[in-house]
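Written below as structure tokens is the structure these notes are about.
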Amino acid sequence: MDLEVTPALTIPSSELSWRFSRSSGPGGQHVNTSDSRAELSWNVAESAVLSDGQREVLVARLGRRLSSGVITVTAAERRSQLRNRQIALAKLAELVSEGLAPDAAPRRPTKPTRGSERRRLATKQLRSATKRQRQRPSAE
């Protein structure tokens, strides 16, 4: 079962490694006896499907999530191991696609319009007048 991250990038199942353990999530006594927690690992540093540029971008952006070039995702939200496997695959696909997404265009600074400036100053004057009326009258 290959993982399609984007239409251009598909991670083969041979590069993914699974581990299962007992979950602490929902399930009552059932979780004490079954390995429903799924842990999915993918070695970014040694992956054959990534180009050198993609690998550098992923290592730079996911640096704190990587442990010696391997990214690990866990899922223990559901009682079923199958459902947790699907969740883990979705989490990994989302992480990788976000890591490979291009940077957003830089913000172009703009000036407020003349009308918005006038409205802002008018409301400030109204607020100032309201607060002036609340003050105690002078002793004069």
So does [Y] get a backbone contact from the side chain of [X], meaning a donor-acceptor N/O pair under 3.5 Å?
X: S67; Y: V70; answer: no
X: R55; Y: A45; answer: yes
X: E56; Y: G53; answer: no
X: R19; Y: L40; answer: no
X: S116; Y: P112; answer: no

| field | Rounded distance (nearest 0.5 Å) linking atom CG of N43 with atom CD1 of I11 | value |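 So the gap between those two atoms works out to 11.0 Å.
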| query | From W42 CH2 over to T72 OG1, what is the distance, rounded to the nearest 0.5 angstrom? | reply |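 Separation between the atoms: 12.0 Å.
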Is there side-chain contact between [X] and [Y], with heavy atoms separated by less than 4.5 Å?
X: L58; Y: L50; result: yes
X: Q54; Y: L100; result: yes
X: R134; Y: T130; result: yes

| task | Could you tell me which non-hydrogen atom of A76 sits nearest to which non-hydrogen atom of R37, and how far apart they are? | result |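 Closest approach of A76 to R37: CB-CG, 3.9 Å.
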| What about L16 and F20, same hydrophobic cluster or not, with Ile/Leu/Val/Met/Phe/Trp/Tyr joined at side-chain heavy-atom distances under 4.5 Å? |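 Yes, because L16 and F20 connect within a single hydrophobic cluster, where side-chain heavy atoms sit under 4.5 Å apart.
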| task | Applying side-chain contact (heavy atoms from CB on, under 4.5 Å), run through L62 and V44 and close with a yes or a no. | result | CA-CA 10 Å; L62 303 177; V44 176; 5.6 Å; no
For residues 88-99, please give each side-chain donor-acceptor pair under 3.5 Å, one per line with the distance, not counting sequence neighbours.
{"from": "K91", "atom 1": "NZ", "to": "T74", "atom 2": "O", "distance (Å)": "2.9"}
{"from": "K91", "atom 1": "NZ", "to": "E77", "atom 2": "OE2", "distance (Å)": "3.1"}
{"from": "S97", "atom 1": "OG", "to": "A93", "atom 2": "O", "distance (Å)": "3.1"}
{"from": "S97", "atom 1": "OG", "to": "E94", "atom 2": "O", "distance (Å)": "3.0"}

| field | Under the salt bridge (Lys or Arg N to Asp or Glu O under 4.0 Å) test, residues paired with E117 that sit two or more places apart | value |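 Expected list: R120.
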| query | Applying the side-chain hydrogen bond (donor to acceptor under 3.5 Å, both in side chains) test to S128, which of K131, R132, Q125 qualifies? | reply |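 The option that passes is R132.
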| Should V49 and E15 be marked as a side-chain contact (heavy atoms from CB on, under 4.5 Å) after you check the CA-CA gap, both sets of side-chain angles, and the distance that decides it? | CA-CA 9 Å; V49 294; E15 290 189 7; 4.1 Å; yes
| request: Run the numbers on W18 and E39 for side-chain contact (heavy atoms from CB on, under 4.5 Å), then give the verdict. | output: CA-CA 6 Å; W18 290 97; E39 190 173 297; over 6 Å; no
